[in-house]
Protein chains: 2
Amino acid sequence: MAPSLFPDYPPKLTSEQEQYLLSNLKDWSIAHGLAVRPTASFVSQKQDPSGVLATTAPVTLFPSLFPRACFEEGLAIQQAFNELYSAISRDENWLRGIVEELVDIDDFVAKLWGIHVTVKKEGYVQDLSLGLFRSDYMVHIDPSVSGVSPALKQVEFNTIASSFGGLSSQVSVLHNYLSKINAYPHSVASIIKSNSLPQSKSASSLAAGLAAAHKAYGSPRTSYPTCILFVVQDPERNVFDQRHLEYSLLEVGVRSFRLPFHRTLSDTKLESDRTLVYIPPNSPSTPYEITTAYFRAGYSPDDYPNPEDWTARLQLERSRAIKCPSILTHLAGCKKVQQVLATPHSPHLKRFLPNDAAASRVLATFAPIYPLDKSDSGMEARKLATTPELAQRYVLKPQREGGGNNVYRKTIPEFLKTLPESHWPAHILMEMIEPPALKNAILRNGEVQKGGVIGELGVYGVCLWKNGSGLDNEGKVLENWEAGYLLRTKGDQSEEGGVAAGFGAVDSCCLVDV
Amino acid sequence: MAPSLFPDYPPKLTSEQEQYLLSNLKDWSIAHGLAVRPTASFVSQKQDPSGVLATTAPVTLFPSLFPRACFEEGLAIQQAFNELYSAISRDENWLRGIVEELVDIDDFVAKLWGIHVTVKKEGYVQDLSLGLFRSDYMVHIDPSVSGVSPALKQVEFNTIASSFGGLSSQVSVLHNYLSKINAYPHSVASIIKSNSLPQSKSASSLAAGLAAAHKAYGSPRTSYPTCILFVVQDPERNVFDQRHLEYSLLEVGVRSFRLPFHRTLSDTKLESDRTLVYIPPNSPSTPYEITTAYFRAGYSPDDYPNPEDWTARLQLERSRAIKCPSILTHLAGCKKVQQVLATPHSPHLKRFLPNDAAASRVLATFAPIYPLDKSDSGMEARKLATTPELAQRYVLKPQREGGGNNVYRKTIPEFLKTLPESHWPAHILMEMIEPPALKNAILRNGEVQKGGVIGELGVYGVCLWKNGSGLDNEGKVLENWEAGYLLRTKGDQSEEGGVAAGFGAVDSCCLVDV
């Protein structure tokens, strides 16, 4: 943990101040859909079987401090990241190399790849692809250099189901509202002010991305009306986040439906030309032609409990609908790709991002990541990981998607001793990001928790591209824009009685010049 | 109950149709603040001590059928009603006559009048008055005449705390949304269509009324910033209804605060020139000058459990703030006024509404109301009330505000027998309004109840006037507009297992030509 940017933030509130802030926050959030369905431990299914209750989404009472230069850099390089990941998605051969290294340790990746291979054999009928991306960062202050400026370091890049774009827009409006009604005391008036509260346009901007794909799909092949399909988990507590995108779409005249992923085979069908058709259960006689399949499910092995779920994913991939994302784009988001790009002296970034200036700004956001194999980098990493003083600045992560726990710092050498060396390559070693000490208060399930927090900035990006096909496999980016931001804040585990570790809240940035 | 307008409405839904409609309704309502805090029987205070849970406001699944001509007439005559009630409010002598008849039976009215007398003696310092009115109607089909057109009959006229303007705007958007996403089956496509779903602008229009008063208040007397004060009950389950007005106000740059009525004396003070100042408990060092006191509390004797509550009302009335409503306007809304206006052959309406055309349209909405005193009308009424066959078409109501139960139809003669004749004048006799049979389904606390319903149309009105003073007691209407509508629908008690009697839901109109 690096030193704090501002030791006296957030300000202490009197009980009257806290009551005023909370009552306004709680009412505003429900009035504007900054909400989630309550957890089962808060409201049991028995108490509310039809699910009408809702609660304020976990949210910070104050916008968290964030270095202005880092924020602006994150937004400024999003288009380069969009270009990078769309280029990776289009390079099947390169991705094959990545996947081949993972098939033995990650069954999920192997199965996704298998779907691509199957569809490729038959031939894809849709050459457009949509990415609603989110690049996640933390602020890093190098502890070994004094007086250094904070820098933005990438935590991960999401190519599927990037969430909270709907709620994030609302949080920045909420904090702005609380500032307007003087819910923040005078003592922070020089910090929380209108030009330090950037508003996130994520909800409307992500919806505009879906609408662009919907339009680019072109004329329908059937006589049916067209729609976008939201492929979702069921039940979904975070439903309002998704609904805000649906409502934005409807405002520009685009219909959408929510399809629980497990109902894919019963509620959709492929025409002989692989046009994807949705049959609404409430009105089976009025089918819709699906222009775009937007995945808010299917990103985790947990979404595929039955073999039919893989058949469902195959059906969607085979279809003429534009996928957000396609299987290849989904795979481009796997941790191994991030690791390969961020391995020191890696040649890969330049390959996908020929613009030197853009590439070097993107590179500057990578925390060094090492494989634990027998390559040169791998041997270097093994030395770092097995020497306690050096390991101190690293985290060991499993390569598997969503797989297991990270091992931190000094405990890495001991942990590696318990593993046979042949299992070491299933992990990567990443330099720890050292965020500045930060405090905030989080409202969750009606309780306010105060203490040390860590903020993670997510920058959304919309990218629509043509994959290209056959010999001319060039592809072409058709739309590319930065699409707003998310700040997610959670307890930093550093303090007893502080914010419950790991539980995140939606937040917005209060920019500071440091 | 008159015959139905459309026997097959609302349509029967398959379980898939109902599920589609409900899941979209439940999500939309929370995402757009069509919500209430749950009742204590649904969610106990112990479970959610800080009050973060909310639920969909009780709402109808379908917009209720409503005769187009009646709807349009209701909106068209609202300006005349605004004029009427602002004229009554300005006629202190006339109101004194009304109050004098009530002082013995209605302590609440007497106390309100007492406040006026006290302030009058000292002299009012504010000659502007704001009314946010709501005129409530039912559709009446005369059972004694066959083939007659439905007519609009007034149930009551609200001059204080007219509620649901915030939620009403949202319900009409909700039903329109459900129609757009095909949640209503094809069988009603010719009934529920865009030109049959009038959107209510009540939230923004009522807020515009408050903003007009705020502006008309003129330059502040103090150096403090100005605000509007919402005087509210505490706790308030219907808080989002009020909040929508606050948010609309903030959009046009007008600050407002919520003051629980019982905190009036601790959080406001009168300057020596009777400027009303609000001291925010969260920030006592930054007082506000109150331009307008908007009462969403204080309309019921229950709001005055302690003598200090009457002191509080007096403090507000004495102040320079524009009252919405003033005591005289509050009293203009008492039942006795409605009764006097609606007594057959009454000369009073013409007195206040000299425009003959307007007066006759207003008069047409009155169901005849009779006193039970010894006047000519009263003697006529006594005959109607004591003869079972004649009483069949009447309801007996206590004159007291919010006082006790109504007695219906054939049970009136028996009831009167149990009362000494000297007590009869504490009641009025009103011709029953006979609404057409209507069905709908209501979602309340997660349960859907289906059956016969009665709808009550409320038309909002904004009126800002100058009271005039001294000899020149003419007064002048400065602003006068119709401000959207509310449809409130409740069970008609006519069917076993139907919609729970008396429990209302917010609704919107589906206009039909009949």
A.B. asks: Sort B:Pro281 into side chain, backbone, both or neither according to what part of it lies under 4.5 angstrom from a heavy atom of chain A.
C.D. replies: both
A.B. asks: Heavy-atom pairs under 4.5 Å with chain A - which of B:Asn182, B:Asp48, B:Leu443 has more of them than the others?
C.D. replies: B:Asn182
A.B. asks: Is B:Ser29 in contact with chain A via its backbone, its side chain, both, or neither, using a 4.5 Å heavy-atom distance?
C.D. replies: neither
A.B. asks: Side chain of A:Lys180, backbone of B:Leu250: donor and acceptor closer than 3.5 Å?
C.D. replies: no
A.B. asks: Counting heavy-atom pairs under 4.5 Å with chain A, which one of B:Gln19, B:Arg255, B:Arg37, B:Gln170 comes out on top?
C.D. replies: B:Arg255
A.B. asks: In terms of heavy-atom pairs under 4.5 Å, which option from B:Pro284, B:Ser50, B:Ala54, B:Ala183 contacts chain A the most?
C.D. replies: B:Ala54
A.B. asks: Shorter than 4.5 Å, heavy atoms on both sides: which option in B:Glu18, B:Arg258, B:Lys26 has the most such pairs with chain A?
C.D. replies: B:Lys26
A.B. asks: Under 3.5 Å, is there a donor-acceptor pair between the side chain of B:Gln47 and the main chain of A:Phe42?
C.D. replies: yes
A.B. asks: Given the options B:Val43, B:Ile181, B:Val239, which has more heavy-atom pairs under 4.5 Å with chain A than any of the others?
C.D. replies: B:Ile181
A.B. asks: Select, from A:Thr56, A:Asn24, A:Leu13, A:Asp27, the one with the greatest count of heavy-atom pairs under 4.5 Å involving chain B.
C.D. replies: A:Asp27
A.B. asks: Is A:Ser15 close to chain B through its backbone or its side chain, or both, or neither, when contacts mean heavy atoms under 4.5 Å?
C.D. replies: neither
A.B. asks: So which heavy atom on A:Ala31 is nearest to which on B:Tyr247, and how close?
C.D. replies: CB-CE1, 3.5 Å
A.B. asks: Does any backbone or side-chain atom of B:Ala35 lie under 4.5 Å from a heavy atom of chain A? Answer side chain, backbone, both or neither.
C.D. replies: side chain
A.B. asks: Shorter than 4.5 Å, heavy atoms on both sides: which option in B:Arg243, B:Gln17, B:Glu16 has the most such pairs with chain A?
C.D. replies: B:Arg243
A.B. asks: I'd like to verify something: which residue of A:Tyr20, A:Tyr177, A:Trp28 has the highest number of heavy-atom pairs under 4.5 Å with chain B?
C.D. replies: A:Tyr20
A.B. asks: How close do B:Thr55 and A:Leu53 get, counting heavy atoms only, and between which atoms?
C.D. replies: CB-CD2, 3.8 Å
A.B. asks: In terms of heavy-atom pairs under 4.5 Å, which option from A:His186, A:His244, A:Glu447, A:Glu246 contacts chain B the most?
C.D. replies: A:His186
A.B. asks: Side chain, backbone, both or neither: which part of B:Val448 has a heavy atom under 4.5 Å from chain A?
C.D. replies: neither
